[in-house]
K.L.:
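Okay, handing you the structure first.
Remember, predicted model here, so these are calculated numbers, not experimental data.
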Amino acid sequence: MSAGWVAAAVRARALVGRCPGPAATREIARGPTLDDALRVLASTPYARSARTAVDLPGAQRAVAATVLWQLRVLAGWLPPGGARLLVPLAAGFEIANVVSRLTAPDGDAARAPEPYRLGALETAWRSLERHTGTPTELRAALVASPWGDPGGDTPWALVTGMRMAAARRTDTAVPDARRWARARAVLLLARERFVHGRSLPEPVRRDAARLLGPRAPDAASYEEFRDCLPSSARWVLAEVGEPGGLWRAEARWWRTVGAEGEALLRQGRDGPGVVVGAVAVLSVDAWRVRAALASAARGDRAREAFDALV
């Protein structure tokens, strides 16, 4: 393995070593108020969140921005071309930028939150940012980019297409994250089909068939859908017998990504697997912290939900 990958692996482990972890996150969740939780957060790598946040959405967004900064730092340590490994894994930030534009008050993009700046980790954000005047323009920009055609120009179709495309791109470009990408596609498909009762745009259907097999996108019931999934993806729905339990499957996905990311970090050989493992652990840590902040802000019942989730 090249010296560049060895240096990147060392940096990756150092970033992960600063994570609060489950125990400290529970302390954040036990804060009687959001202000108390932010004071605990001030001693963690998310300290900037504690300094700048004025409400729960702002604090949660600042936590996410911290993770993106960590990924950009990590990308800077990778050997030439190595940052391409992280681009699909950072796709959620680009999707969040699009969601913010589509849901801006009165459709005014200028009133959307400041977008996440992805630098070398962007897929096509600078182009999308220039073409987000209308959903039709945004769809055209997606078609001309690695995201591809979402299959429609409604906000739902645009975002759903990007989310399934992110799973497809991760499956193709990041072998160590393939299992997570396919399970993520399961959750997206199950929620759209069997919770919201929506038909999939054709490009989304094609991506889902590629990831999960030809029967999955057209399954007539949740039970049939679950039964026809490949073993590489079916695990995420274990013990979830009905669509109303998908929140448990979502939590299972995060816990599994965290555990498998830690296993990649422990592997003996430094290389891309260690970097992917670090991205997984950093992302899961931020997910826990965001949930802990919500728990502190919303009181005792939310703390019970936090314990069940995490």
K.L.:
Drop me the distance from Leu200's CG to Met164's CE, to the nearest 0.5 angstrom.
P.N.:
6.5 Å
K.L.:
Given side chains that start at C-beta, do those of Arg193 and Phe225 come closer than 4.5 Å, heavy atoms only?
P.N.:
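No, side chains not in contact.
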K.L.:
Would you say that Trp147 contacts Arg169 through its side chain, given a criterion of any heavy-atom pair below 4.5 Å between the two side chains?
P.N.:
yes
K.L.:
Rounded to the nearest 0.5 Å, how far apart are CG of Leu34 and CD1 of Ile28?
P.N.:
11.0 Å
K.L.:
Given the rule in the side chain to side chain contact (heavy atoms under 4.5 Å, CB included) test, do Asp176 and Leu264 qualify, once you have shown the distances and angles that lead to the verdict?
P.N.:
CA-CA 9 Å; Asp176 287 306; Leu264 286 169; 3.9 Å; yes
K.L.:
Less than 4.5 Å apart, side chain to side chain, heavy atoms only: is that true for Asn97 and Arg101?
P.N.:
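The answer is no, as the side chains (C-beta and beyond) never meet within the 4.5 Å cut-off.
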K.L.:
Is a donor on one side and an acceptor on the other found under 3.5 Å between the side chain of Arg226 and the backbone of Val240?
P.N.:
yes
K.L.:
Report whether Trp5 and Val87 are members of the same hydrophobic cluster (ILVMFWY, side-chain heavy atoms less than 4.5 Å apart, transitive linking).
P.N.:
no
K.L.:
Is there a donor-acceptor pair closer than 3.5 Å between any side-chain N or O of Glu94 and the backbone N or O of Ala124?
P.N.:
yes
K.L.:
Strictly distance-based, threshold 3.5 Å: is any side-chain N or O of Arg252 a donor or acceptor partner for the main-chain N or O of Glu239?
P.N.:
no
K.L.:
To the nearest 0.5 angstrom, please state how far the CG atom of Leu102 sits from the OG1 atom of Thr154.
P.N.:
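Answer for the CG-OG1 pair, Leu102 versus Thr154, is 9.5 Å.
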K.L.:
So which atom in Ala75 and which in Leu121 form the shortest heavy-atom distance, rounded to 0.1 Å?
P.N.:
CB-CD2, 3.8 Å
K.L.:
How close do Gly161 and Val204 get, heavy atom to heavy atom, and via which atoms?
P.N.:
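Residues Gly161 and Val204, closest heavy atoms: CA-CG2, 3.6 Å.
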K.L.:
On a heavy-atom basis, which atom in Leu118 and which in Ala90 lie closest, and how many Å separate them?
P.N.:
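For Leu118 and Ala90, the tightest heavy-atom pair comes out as CD2-O, 3.7 Å.
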K.L.:
Charged N to carboxylate O under 4.0 angstrom, Arg117 versus Glu129?
P.N.:
yes
K.L.:
Does the side chain of Pro135 come within less than 4.5 Å of Leu158's, by heavy atoms?
P.N.:
yes
K.L.:
Heavy atoms, side chains only, cut-off 4.5 Å: are Leu15 and Trp77 in contact?
P.N.:
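A side-chain contact under 4.5 Å is absent here.
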K.L.:
Applying a strict under-4.5 Å side-chain criterion to I, L, V, M, F, W and Y, I'd like to know whether Val67 and Val174 cluster together.
P.N.:
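Yes, Val67 and Val174 fall within the same hydrophobic cluster.
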K.L.:
Find out if a path of hydrophobic residues (ILVMFWY) with successive side-chain heavy-atom gaps under 4.5 Å connects Val186 to Trp254.
P.N.:
yes
K.L.:
Going through the checks in order, is the side chain to side chain contact (heavy atoms under 4.5 Å, CB included) test met by Leu86 and Leu78?
P.N.:
CA-CA 10 Å; Leu86 300 188; Leu78 298 180; 4.0 Å; yes
K.L.:
Measure across Gly119 and Arg72 and return the closest heavy-atom pair with its distance rounded to 0.1 Å.
P.N.:
CA-NH2, 3.6 Å
K.L.:
With distance as the sole test, does Ser43 use its side chain to make a donor-acceptor pair with the main-chain N or O of Val40 at under 3.5 Å?
P.N.:
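Side chain of Ser43 to backbone of Val40, a donor-acceptor pair under 3.5 Å: yes, one is there.
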K.L.:
For residues Trp156 and Ile95: do they belong to one hydrophobic cluster (side chain heavy atoms under 4.5 Å, members Ile, Leu, Val, Met, Phe, Trp, Tyr)?
P.N.:
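No, because Trp156 and Ile95 fall into different hydrophobic clusters, even though each may have its own neighbours under 4.5 Å.
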K.L.:
Is Val195 reachable from Tyr222 through a run of hydrophobic residues whose side-chain heavy atoms are each under 4.5 Å from the next?
P.N.:
yes
K.L.:
Starting at CZ of Arg18, measure out to CG of Leu282 and round the result to the nearest 0.5 Å.
P.N.:
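With rounding to 0.5 Å, CZ (Arg18) is 10.5 Å from CG (Leu282).
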K.L.:
Quick check for you: to the nearest 0.5 Å, what is the distance between Leu246 atom CG and Leu188 atom CG?
P.N.:
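Reported value, rounded in 0.5 Å steps: 11.0 Å.
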K.L.:
Using the rule side chain to side chain donor-acceptor pair (under 3.5 Å), only one of Arg182, Arg184, Arg210, Arg179 pairs with Asp171; which is it?
P.N.:
Arg182
K.L.:
Within the structure provided, determine whether Cys19 and Gln70 are in side-chain contact (heavy-atom separation under 4.5 Å).
P.N.:
no
K.L.:
Between Val98 and Trp125, does the side chain to side chain contact (heavy atoms under 4.5 Å, CB included) criterion hold? Intermediate values first, please.
P.N.:
CA-CA 9 Å; Val98 170; Trp125 172 243; 4.0 Å; yes
K.L.:
Give, for atom CG of Asp153 and atom CG of Leu138, the distance between the pair rounded to the nearest 0.5 Å.
P.N.:
9.5 Å
K.L.:
Could you tell me whether the side chain of Arg11 and the main chain of Leu74 form a donor-acceptor pair under 3.5 Å?
P.N.:
no
K.L.:
Search all heavy atoms of Trp253 against all heavy atoms of Ala183 and return the closest pair with its distance.
P.N.:
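Scanning both residues, the minimum pair turns out to be CD1-CB, 3.6 Å.
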K.L.:
Closer than 3.5 angstrom, by distance alone: can the side chain of Arg168 be matched with the main-chain N or O of Leu211 as a donor-acceptor pair?
P.N.:
no
K.L.:
Looking at Leu142, Val159, Thr160, which hits side chain to side chain contact (heavy atoms under 4.5 Å, CB included) with Pro150?
P.N.:
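Looking at Leu142, Val159, Thr160, the match for Pro150 under the side chain to side chain contact (heavy atoms under 4.5 Å, CB included) is Leu142.
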K.L.:
Ala96: which residues meet the side chain to side chain contact (heavy atoms under 4.5 Å, CB included) condition with it, sequence neighbours left out?
P.N.:
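With neighbours one apart ignored, the set is Tyr116.
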K.L.:
Between Asp285 and Gly21, is there a donor-acceptor pair closer than 3.5 Å when you use the side chain of the first and the backbone of the second?
P.N.:
yes
K.L.:
Would Asp36 and Arg30 pass as an ion pair if we require N to O under 4.0 Å?
P.N.:
no
K.L.:
Using the rule salt bridge (Lys or Arg N to Asp or Glu O under 4.0 Å), only one of Arg163, Arg198, Arg205 pairs with Glu192; which is it?
P.N.:
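Only match with Glu192 under salt bridge (Lys or Arg N to Asp or Glu O under 4.0 Å): Arg198.
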K.L.:
Does the distance from a Lys or Arg side-chain N to an Asp or Glu carboxylate O, for Arg191 and Glu250, drop under 4.0 Å?
P.N.:
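Yes, this pair counts.
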K.L.:
Mark yes or no: Arg255 above the aromatic ring of Trp287, with NZ or CZ under 6.0 Å from the six-membered ring centre and no more than 45 degrees from the axis.
P.N.:
no
K.L.:
Does a salt bridge link Arg13 with Asp270, judged by any charged N lying under 4.0 Å from a carboxylate O?
P.N.:
yes
K.L.:
Please give me the minimum heavy-atom distance between Val275 and Ala8, naming the atom from each residue.
P.N.:
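Heavy atoms only, the tightest pair is CG2-CB, 4.2 Å.
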K.L.:
State, yes or no, whether a side-chain contact exists between Arg298 and Leu56 at a heavy-atom distance under 4.5 Å.
P.N.:
yes
